[in-house]
Engineer: 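Right, I'll just put the structure down here and ask away after.
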Amino acid sequence: ISGFVVSNSLVKQEFASTTELITTFYSKRVRRLVPALATCVFCTSIAISLLLPPDVVLSLKNYYDSGMFGLIGWANNYYAGSGVEFGDEGLWTLELNPFSHLWSLGVIQQFYLLFPFLICLAYGKRVVTRGPGARCASPTPTMRLLLMGGTLIISLCFSAMLNARSQQSAFYLLPSRFWQLMSGAALFAWNDDRAHAHLTSDDAPTAANLATLLAVSACEVVVVCLAAMAFLRPPLSDTDGSFIAGSLPAIGFAVGSIALGCLAPRQWASGLPAPITTAVLQSQPMVYLGRLSYTLYLWHWPVFVCFRWTVGLDSMRQQVAAIGLTTYFAVFTHLGIDAAVRLMWRPRSLWKACGVLLLIVGSLELWLGMLRGPLYGILYLGNNTRPVISARAPPPLPPLSPLQHSQPALYHPPGWVAPPPLPLPPPMTQCVCSTWRGAQHTLHSPPRVFTQSTTACFDPPRELDLRQWYTLQGECYQHG
């Protein structure tokens, strides 16, 4: 969708020079993306600082880092090097990170840096009247489609090769996602160069027109089936293969919907519009939903994560409340922040737009840096909060065995090979291998001795969520 829309905004205008094209394009992108993004990141950072306890949320600083990288369009590269995959579940994963969704915005922002130059190369004098872009003669429609399709195929092949080596990198990085954005651009190039046919309701449905209507209806059925596959099929696991195969139904649904919308409006003899999906998507509620799509995208994940950390997101009432709150924030941002920016700020200079961008982003980066530094944990309001993820929580652990004057009982997950028995430890004293500072309990080795053979300690007097410990450590040693 982004590739199609951005192509339309660039090709439908004529620019005096390549510099004007780039200046206009980047200024519009800044006005469109930055105000709502900055508002969402700022409000979310305050919310997690108030709601998430730093002594339980051990990755809270990573959340602030994610927001800092998300502001500059680098979140996807940050996650690609983090060692955590998008679909992983647990306290240390992106499931409870309120800025996880900004990876896709980073991919699109990086695409915007390259796409204007590709448009100049593909359309030449048609979009730029003078300057470097005007030196390229306007390519023929066939050459243009070959250029668009060639970059799409190269990116698709690179994505398949990268996926064979690192699925995480293939998921996050722009080169392996470029083909998805170019599919919309290639579709626009095809639609822009073809002749449009039009059939009104006054035309009698001849055999040829009836055949066309039947073909359109068949295409609609295929698009609806792709939508069902994209939304209803279970997600792929790591062993199911490439994410390319998993994303093809969604890409096909999006491209098919756009292609149907590009067709000239037709009607059956009964007055029923064709394509029907286009008529539905052109209705006022759907058009308004499309205008809210960016702000809905920004707010949905922070709201859902805050619900998971506080009241949960399992019941229907909680889910409806989360969706309602997301819609409220999205409408407020669209009608308040975005509308004010559109009416009050129309920079004609790229330098002015960049200056305002640097001021806003720089201030927020400083704010997030203070939250993970001097202000870390100061804004927290409650006493103790644990994420409400009961639907996905691991199975309960066996109960703790009572403290005995014998060899401590060792719990290990299935498939774990227990270490050889250790000698009977001395009585209670300061533990040198304890995770918690100042823990007092039975040692697994002589006092003040810590070797590689020493079993990791567990502190029974301290109140600890065993499920959380099991999730974070992968194994839990119990001895009373």
Side-chain angles (χ1 to χ4, degrees), residues 1-9 12 28 31-33 35-37 39-40 43 101 104-105 108 180 183-184 187-188 191 196 198-201 213 216-233 249-268 270-304 307 313 315-343:
I1 296 175
S2 181
F4 186 93
V5 172
V6 172
S7 299
N8 179 75
S9 65
K12 295 301 182 182
K28 288 183 177 180
R31 293 174 56 205
R32 168 64 173 158
L33 300 178
L37 173 63
T39 303
C40 179
C43 296
H101 63 311
S104 56
L105 183 60
I108 293 180
Q180 299 177 351
S183 62
L187 179 60
F188 172 82
N191 177 69
H196 292 271
H198 184 72
L199 176 65
T200 63
S201 58
L213 293 173
V216 171
S217 300
C219 292
E220 285 192 274
V221 172
V222 173
V223 169
V224 172
C225 291
L226 290 174
M229 293 175 60
F231 286 102
L232 301 180
R233 68 187 304 273
I251 301 299
F253 164 57
V255 173
S257 300
I258 299 173
L260 289 174
C262 294
L263 298 177
R266 293 174 170 83
Q267 286 186 345
W268 293 85
S270 61
L272 186 67
I276 300 177
T277 55
T278 301
V280 172
L281 293 176
Q282 288 178 343
S283 62
Q284 289 299 322
M286 296 301 295
V287 170
Y288 189 74
L289 183 63
R291 293 174 180 173
L292 291 178
S293 60
Y294 177 58
T295 53
L296 285 171
Y297 156 79
L298 288 177
W299 283 108
H300 83 283
W301 191 251
V303 171
F304 292 174
F307 266 74
L313 198 61
S315 67
M316 180 64 69
R317 179 180 299 179
Q318 294 166 345
Q319 295 171 3
V320 171
I323 293 175
L325 193 60
T326 299
T327 305
Y328 173 80
F329 287 147
V331 173
F332 173 79
T333 306
H334 175 70
L335 297 180
I337 307 299
D338 287 349
V341 170
R342 286 194 301 268
L343 294 176

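Each residue takes its place number in the sequence, starting with 1.
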Engineer: So which atom in Ser2 and which in Ile108 form the shortest heavy-atom distance, rounded to 0.1 Å?
Structural biologist: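 Shortest heavy-atom separation between Ser2 and Ile108 comes out as OG-CG2, 3.9 Å.
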Engineer: Within a strict 4.5 Å, meaning less than it, do heavy atoms of the Cys43 and Phe329 side chains meet?
Structural biologist: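 No. Closest side-chain heavy atoms not under 4.5 Å.
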Engineer: Decide yes or no for Cys219 and Pro275: does some side-chain heavy atom of the first lie under 4.5 Å from some side-chain heavy atom of the second?
Structural biologist: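 With C-beta onward as the side chain, the pair stays apart.
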Engineer: Would you compute the distance between atom OG1 of Thr277 and atom CZ of Phe253 and round it to the nearest 0.5 angstrom?
Structural biologist: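 Answer for the OG1-CZ pair, Thr277 versus Phe253, is 8.5 Å.
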Engineer: For the residue pair Leu298 and Leu37, what are the closest heavy atoms and their distance?
Structural biologist: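 Residues Leu298 and Leu37, closest heavy atoms: CD1-N, 3.6 Å.
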Engineer: Mind listing the closest non-hydrogen atom pair of Ile337 and Pro35 along with its distance?
Structural biologist: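 So the minimum-distance heavy-atom pair works out to CG2-CB, 3.8 Å.
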Engineer: Mind listing the closest non-hydrogen atom pair of Gly3 and Ser7 along with its distance?
Structural biologist: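 For Gly3 and Ser7, the tightest heavy-atom pair comes out as O-OG, 2.7 Å.
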Engineer: How long is the gap from CD on Glu220 to SG on Cys225, to the nearest 0.5 Å?
Structural biologist: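 Result: 11.5 Å between the selected atoms.
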Engineer: Give me the ring orientation class for Phe4 and Phe188: parallel if the planes are under 30° apart, tilted from 30 to 60°, perpendicular past 60°.
Structural biologist: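 Perpendicular, since the angle between the ring planes exceeds 60°.
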Engineer: Can you name the closest pair of heavy atoms from Val223 and Leu260 and give their distance?
Structural biologist: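 Shortest heavy-atom contact: CG2-CD1, 3.9 Å.
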Engineer: For the side chain of Tyr294 and the backbone of Ala36, is there at least one donor-acceptor N/O pair under 3.5 Å apart?
Structural biologist: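 Absent.
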Engineer: About how many Å separate CG of Leu313 and CD1 of Ile323, when rounded to the nearest 0.5 Å?
Structural biologist: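 Nearest 0.5 Å value for the CD1-CG distance: 8.5 Å.
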Engineer: Is any side-chain heavy atom of Thr278 less than 4.5 Å from a side-chain heavy atom of Leu263?
Structural biologist: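 No, side chains not in contact.
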Engineer: Of all heavy-atom pairs between Ser104 and Tyr297, which one has the smallest distance, and what is that distance?
Structural biologist: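 Shortest heavy-atom separation between Ser104 and Tyr297 comes out as OG-OH, 2.9 Å.
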Engineer: I want to check something: taking the side chain as every heavy atom from C-beta on, are Tyr288 and Val331 in contact at a cut-off of under 4.5 Å?
Structural biologist: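 A side-chain contact exists here, since the closest heavy-atom pair is under 4.5 Å.
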Engineer: For atom CG of Leu33, decide whether the heavy atoms of other residues, nucleotides or ligands shown that lie under 6.0 angstrom number more than 12.
Structural biologist: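 Counting neighbours around CG of Leu33, more than 12 heavy atoms of other residues, nucleotides or ligands fall under 6.0 Å, so yes.
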Engineer: Does atom CZ of Arg291 have more than 12 heavy-atom neighbours from other groups under 6.0 Å away?
Structural biologist: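 Not buried by this count: 12 neighbours or fewer within 6.0 Å.
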Engineer: Check whether any side-chain heavy atom of Ser183 lies under 4.5 Å from a side-chain heavy atom of Ile251, and answer yes or no.
Structural biologist: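 Side-chain contact under 4.5 Å: yes.
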Engineer: Are His300 and Leu296 close enough that some pair of their side-chain heavy atoms sits under 4.5 Å apart?
Structural biologist: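 The answer is no, as the side chains (C-beta and beyond) never meet within the 4.5 Å cut-off.
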Engineer: Thr295 versus Asp338: any side-chain heavy-atom pair under 4.5 Å?
Structural biologist: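 Yes, side chains in contact.
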Engineer: According to the interplanar angle, ranging from 0 to 90°, do the rings of Phe332 and Tyr328 count as parallel (below 30°), tilted (30 to 60°) or perpendicular (above 60°)?
Structural biologist: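 Rings of Phe332 and Tyr328: parallel, under 30°.
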